[in-house]
J.: 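Quick one: the structure is below, and I'll ask about it shortly.
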Amino acid sequence: MQNIKVKIPATPAGSYDITVAGGLLPSVRARIKELFPGRNLFFVTDKNVVKAGHLKTLLGSGSADVYTIDPPGEISKMIETATAIVEAMEKCALGRDCCVVALGGGTVGDIAGFAAAIFKRGVPVVQVPTTTVSQADSAVGGKTGVDSTLSKNAYGAFWHPAAVFIDVETLQSLDSRQFNAGLVESVKHALIADGEYFDFLLENCDLLLKRKTDVLETLAIKNCSIKAAVVEDDPTEKNRRRTLNYGHTIGHAVESASGFELLHGESVAIGILGAFNIEQQLGLGDEKRISQVRTLFEKLGLPARIPAKIQKTEIIEMLKHDKKAIDGRPLFVLLESCGKVLCENGNWAVPVSPDILEKAIEGLY
Ligand code: GLY
């Protein structure tokens, strides 16, 4: 078992622990009770997680107040779901002395975290992620929220978890499409922060696909350590935290334009290849690394192209309205080399001219 501390001075406790171990889930409820003696726990999960048996493993034989998101997935990541959760909490007569426990993937963590942020002006949330995306990324760092009909993550709050418990064994229940797509966040972390980690991913890809517990634990620890360092430095994404959005600018546009038919990780894989296309035009691209990432993505069965039914103009229009765009020019995180993000005049995300962007998008068809 390993612990990673994330120091966030602006939070009540000043820090929180991420605990990583295979087979942790059955002891998590007792650990939360130890952390928050006397607090009533309210569990948020989704139908897939219940079907996989993880809720039963977490709760043991005890009863509990639970809200199950149905249907699971991005389609439910709406303000209405957050409202339904806080109303369910009210019906359970919970007060400010309760604690929300989010058991599931990125959607569950984002909505449950947001519900915790707004319930009675904020109660603690404990994240118990069960997918490759949420264990690598979304459970750590305090980004919570829901989508609007117009854009992803339109409404939300930074609401840092009080604790994170990662049981890598929960990943065994994922189908291979979900499992592989979530690994893109690990590739992203390696590319932006740690060349040796990138080599580890290349060398251990086969074991990873066999879901070997020790390899999954190494990944969780690496991902959380990289993310924790960035989030500690810039908890509210004023600057350096933008590096965690590598591949996400084009990725989010593709994900939304696909009507969420493409998974988040699949869209980010396309977005990373789009960032490579920009880097190459700016003379930053490293051919060897680009071809290694392409091979890795192929092994993971990830798409390399934007589906033909999505118009190039649609993607470009969405990018102009990206929430980080300045004067209609979206900001991009770009790599100087493997493990090192380009930082220009202290800025970790740089505007890219429309012609370069258009060519980069064209290269994705
Ligand atoms: N997923 C990017 C971040 O947490 O900032």
J.: On the six-membered ring of Phe198, is Arg289 placed so that its NZ or CZ lies under 6.0 angstrom from the centre and within 45° of the ring axis?
T.: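 Ring-cation test returns no.
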J.: Name the orientation class of the two ring planes belonging to His160 and Phe158 (parallel below 30°, tilted from 30 to 60°, perpendicular beyond 60°).
T.: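 Ring orientation of His160 relative to Phe158: parallel.
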J.: I want to check something: taking the side chain as every heavy atom from C-beta on, are Phe297 and Val187 in contact at a cut-off of under 4.5 Å?
T.: yes
J.: Just one of Gln2, Glu217, Gln135 clears the side chain to side chain contact (heavy atoms under 4.5 Å, CB included) bar with Ile166, so which one?
T.: Gln135
J.: Do other residues, nucleotides or ligands put more than 12 heavy atoms under 6.0 Å from the NZ atom of Lys33?
T.: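 Yes - once you tally the heavy atoms of other residues, nucleotides and ligands closer than 6.0 Å, there are more than 12.
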J.: Test Leu55 against every option in Thr130, Asp46, Leu25, Thr45 by the side chain to side chain contact (heavy atoms under 4.5 Å, CB included) rule and name the one that passes.
T.: Thr45
J.: Taking all atoms of both residues into account, what is the closest heavy-atom pair of Arg39 and Cys98, and its distance?
T.: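 Smallest heavy-atom distance, with atoms named: NH1-O, 2.8 Å.
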J.: Can you tell if the side chain of Val66 reaches within under 4.5 Å of the side chain of Leu59, non-hydrogen atoms only?
T.: yes
J.: Test side chain to side chain contact (heavy atoms under 4.5 Å, CB included) on Val101 and Gln127; report intermediate values, then the result.
T.: CA-CA 6 Å; Val101 181; Gln127 295 281 356; over 6 Å; no
J.: Around Glu362, counting heavy atoms of other residues, nucleotides and ligands shown, do more than 12 lie under 6.0 Å from its CD?
T.: yes
J.: Check whether any side-chain heavy atom of Lys188 sits under 4.5 Å from a side-chain heavy atom of Leu244, and report yes or no.
T.: yes
J.: Run the salt bridge (Lys or Arg N to Asp or Glu O under 4.0 Å) check on Lys309 and Glu261 step by step: do they pass?
T.: CA-CA 12 Å; Lys309 66 179 178 186; Glu261 273 177 27; 2.9 Å; yes
